[in-house]
Amino acid sequence: MAEYIERDGLLSRMRANFQQGSWYGCEEPMYSVVEETILEYPAAEVAPVRHGRWKLEPTNPYDDPGYKNRMIKRCSCCGWQNACSYNYCPNCGAKMDEEVET
């Protein structure tokens, strides 16, 4: 699985470490090459992960006593409803890793 980092955070940490002498034996030209390489490398387009949970709601669409205890699950992010449990919402892609609300 690919891992992604924040470029500005990496460069900031590198500059601070270089100024403190943590790059033992590395001269300014070599540091500049490393920094330039990172700046020129293309950025990946990454969407932030949304986190949600399934909200349990009673349903009785036909006012039928047989449906009395039937529950549906509704996504806390987009409101999409279903009767199955997924570890993500098929509608909005939210990762269902929060506690289920009853």
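Here the structure is a predicted model, which means the values were calculated and not measured.
Each side-chain hydrogen bond (donor to acceptor under 3.5 Å, both in side chains) pair with one or both residues in residues 71-82, not counting sequence neighbours, appears once here: Glu57-Arg74, Lys73-Ser85, Arg74-Gln81.
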Which donor-acceptor pairs under 3.5 Å do side chains of residues 90-97 form with protein atoms, sequence neighbours excluded?
unit_1	atom_1	unit_2	atom_2	d
Asp97	OD1	His51	ND1	3.0
Asp97	OD2	His51	ND1	2.8

Using atom types as modelled, flag every donor-acceptor pair under 3.5 Å from a side chain in residues 38-48 to any protein atom, sequence neighbours excluded.
none

- request: Might you work through the side chain to side chain contact (heavy atoms under 4.5 Å, CB included) test for Cys89 and Cys77, ending with a clear yes or no?
  value: CA-CA 9 Å; Cys89 175; Cys77 294; over 6 Å; no

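In the hydrophobic clustering of this structure, Ile72 does not group with Tyr86; members are Ile, Leu, Val, Met, Phe, Trp, Tyr whose side-chain heavy atoms approach within less than 4.5 Å, directly or through other members.
With hydrogens and angles disregarded, no donor-acceptor distance shorter than 3.5 Å links the side chain of Ser12 to the backbone of Asp8.
Distance check, rounded to the nearest 0.5 Å: CZ of Arg13 to CD1 of Ile5 gives 11.0 Å.
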